[in-house]
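Note that ligands are numbered from 1 as they come in the structure, with each ligand's atoms numbered from 1 the same way.
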Amino acid sequence: MSELVKVHRDGNVAVIVIDNPPVNALKNELRAKLVEALEQTKSDTAVAAVVITCAGRTFIAGADITEFGKPPQRPTTIDVIAVIEAMGKPVVAAMHGTALGGGLEVALGCHFRVAAPGARLGQPEIKLGIIPGAGGTQRLPRLVGIEQALAMILTGDPISAQDALRSGLIDEIIAGDLAQAAVAFARRVVDERRPLVLARDRQDKLASFTGGRAAFDELAASYMKRGKGLDAPRAAIDALRWALDLPVGEALARERDKFLELVAGEQAAAQRHIFFAERAAAKVPDLPAGVKPREIKRAAVIGAGTMGAGIAMCFANAGIAVTLIETSQEALARGLDGIAKTYKASASRGGLSPADMESRIALIAGETDIATVGGADLVIEAVFEDMAVKQQVFVDLDRLAKPDAVLATNTSYLDVDAIARGTQRPSCVVGLHFFSPANVMRLVEVVRGAATAPDVLATAIAIGSKIGKVPVVVGVCHGFVGNRMLRRRSVEAERVLLEGALPQDVDAAMTRFGFPMGPFAASDLAGIDIGWRMRKAQGLRAEIADRLCELGRFGQKTAKGFYLYEPGSRTPKPDAEVERLIVETSARLGLKRRPVDGNEIVERLLFPMINEAARILDEGVARRPGDIDVIWVHGYGFPVWRGGPMHYADNLGLDHVRDRLATFAAQTGDEGHRPAPLLARLVAEGRGFSSL
Ligand code: T1G
């Protein structure tokens, strides 16, 4: 056959082995070879059954995403499945690793499915802005029922082999040699003359959904909540409804049309961009080849505040023992209580089994003696955002931590090099900037200091992935990448308030754009006083925000900020007192208020930060525009279906961004709006950020 597809016989069973590293993606050539192998084994009368399996670390992890956006080539995955369904002899899919997307759809086309105990099976297409396009929306519900299919397709999250067996997705879990046992399974099927029932012809599971349209819509609505602005969730729900309402052939055709429409769309292109940018962000081209990360068996976190506690949970969630260290028993108890409460809440929502909860809590040890860092391979400092306080902690860590420990700071803004210089081992110091809530937000900015050793950097990236985060390597500057850009947005948000908008106008425009929350509601949630204290320390002033803080309005924690909050409520309510304060401040500053529409608000808040990003790229603080997109999507709620600020700017056209910035510069007199050299250069050359 070929290296991609090999066929060997085991008695009367033919074994088709797919081998397309790293993840056996179903690329054009592979599909053609697979059809060839199937046709060959179909016509071979000595072959009574066929097993499809994969070499390497995983079963087929889906279609080849790099082929999307290009004209589809035959045979398609649908063609492959049609050949399987017409084989006239049992075909068994033997799955290990991650059977995903088109890979699971191929298995759904087989007569039987077996899996290794550690296998995970899923339809993650929704995470790429598409729906399953090779029958998954029709065959999956026929095997597992509508509820399970809705959950798998609308979340895109894989299920375990055990759940797959329980739900009827697979016929058997096989420990040991998968291919061999799959051959034995196939032989049993032949010997027992088991009927060859195709998933597409099954009705029993669909019929068991007796709730009717109302129940389906109610179930579907619960998934729509999380898909704000996304086209794919709506399409996936329609497709699953077709499974209930339409003959399978017609439903499959409609699924295909919808898939082709979505895959050619801007949202899917943006989400593909983020998929590949996430993987690129962890790559550091100038790291010497063969650099090995240090092994992290035990971690320690200094500071049990909101961030420290969340960071400790990340390690426990990944099965890594962690010591949470505080200066006092009270502070430590507060941190540990918060962690227990968070786990209990998750368990009560069914997000965690009681056993898992207990085992994670057991992995977190509390201490008030900083000397206990001596046992840790990685120490993360998460104390108050003050340089002197942080430097003192690092002097202690330098003295107490073991010689090969990695020392990380969770600072959000401060100079990692200055922190490192306070130690005798600056090469062991790196920034690990988590985002609040640290146990939820997927982003970690890995801040590479001037002295950070290659293996320390490699360790920071590896541990970031291990604890389920998306690590993005950035350089040292005030606020690194994300917060440096955020500051541009915050300054501009204040400005449009003074020029004529109100907090609710700005937040409405930004949530319409796709952010989960507007800047002023977000500021109230985090606490306006955090920025206030920082500005005071830097001698800076934000007219409105600082005035609110002087009035004791710190946000949700004082039930007053940019908005009012009813007791026990987190719903922001516009406040006439704030409006009065804003109007008076405009008058005091001699500014004539004017209407500021939603589109201008979006451009005023995003373009200056995109411009700042161009400076950040020019300085090398970020290596790729895609890194910046990943940072904003996973750290700041930038809508994934817009692909991040740099991808969004390219879609708009950089000349438009440049021209608007020039207008803003004239309007505000702010030099920061002058188009950055890189932006001007790209426009002059007719290029986009994606060309970098
Ligand atoms: N196509 C092309 N390349 C892929 C790929 C894919 N499906 N999956 C991974 N890669 C590349 C990836 O870019 C990286 O490359 C390398 O493989 C290792 O990946 C018809 C239309 C399988 C869980 O969405 O979720 O099927 O950076 O670093 O952490 O209805 O990859 O080394 O150059 O992520 O071990 C559905 C996507 C497609 C699964 C492994 N499938 N992949 O994670 O390795 S749509 C997916 C993953 C579809 C059908 C529809 C993960 C993984 P490089 P990695 P990993």
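- How far CD1 of Ile60 is from CG of Leu104: 10.0 Å, rounded to the nearest 0.5 Å.
- Within 4.0 Å of ligand 1, protein heavy atoms belong to Pro22, Val23, Ala25, Arg57, Ala61, Gly62, Ala63, Asp64, Ile65, Phe68, Thr98, Leu100, Gly101, Gly102, Glu105, Pro124, Glu125, Leu128, Ile130, Pro132, Gly133, Ala134, Phe259, Phe275, Phe276, Arg279, Lys283, listed by chain and number.
- For residues 147-176, no pair satisfies ring pair (Phe, Tyr, Trp, His ring centres under 6.0 Å), with sequence neighbours left out.
- The side-chain hydrogen bond (donor to acceptor under 3.5 Å, both in side chains) pairs that include a residue from residues 626-640 are His273-Asp629, Glu278-His634, Asn483-Tyr636, Arg624-Asp627, where partners are two or more places apart or lie in different chains.
- At least one side-chain heavy atom of Ile52 sits less than 4.5 Å from a side-chain heavy atom of Leu38.
- Formation of a donor-acceptor pair under 3.5 Å by the Asp19 side chain with backbone atoms of Leu4 is not found in this model.
- Here ring pair (Phe, Tyr, Trp, His ring centres under 6.0 Å) pairs that include residues 102-121, with residues two or more places apart or in two chains, are Phe112-Phe185.
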